[in-house]
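Working notes, beginning with the structure itself.
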Amino acid sequence: MCDENSKYCVVDRFEEEWAVIEYKSKTFNFPKDLLPLNVKEGDVIKFEVMVDEEETKRKKERIEKLADELFTEEE
């Protein structure tokens, strides 16, 4: 049983550092490094996507700090 955040795909083939993934009637390239080491052509894989709230917050704070430093008015 898959919930609405899970998507099942098929590994069609590998091209250099990319896996060509089939999802419904479409294909897309996905970095091979992000897949399990034992994955092979024809395997059904499941993606579970979630937002990393803490990392999102840290990135936003870093960007805001850089923007503040860049756009600080000189006195």
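Source: prediction; values computed, not measured. For reference, positions follow the sequence shown, starting with 1.
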Taking only residues two or more places apart in sequence or in another chain, which ones pass salt bridge (charged side-chain N to carboxylate O under 4.0 Å, His left out) with D43?
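Here the qualifying residues are K40.
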Using the test side chain to side chain contact (heavy atoms under 4.5 Å, CB included), find all partners of E61 that sit at least two apart in sequence or belong to another chain.
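With neighbours one apart ignored, the set is K57.
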The side chain to side chain contact (heavy atoms under 4.5 Å, CB included) partners of E17 (sequence neighbours excluded) come to none
Donor-acceptor pairs are to be reported for all side-chain atoms of residues 20-39 against protein atoms at under 3.5 Å, with residues two or more places apart or in another chain.
residue	atom	partner	partner atom	Å
K32	NZ	E16	O	3.1

About how many Å separate CZ of R58 and CG of D52, when rounded to the nearest 0.5 Å?
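If we round to the nearest 0.5 Å, D52:CG and R58:CZ are 6.5 Å apart.
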Quick check for you: to the nearest 0.5 Å, what is the distance between K46 atom NZ and E48 atom CD?
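Those atoms lie 4.0 Å apart.
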Would I45 end up clustered with F14 when hydrophobic side chains under 4.5 Å apart are linked, directly or stepwise?
yes
All side chain to side chain donor-acceptor pair (under 3.5 Å) counterparts of E15, not counting sequence neighbours
R13
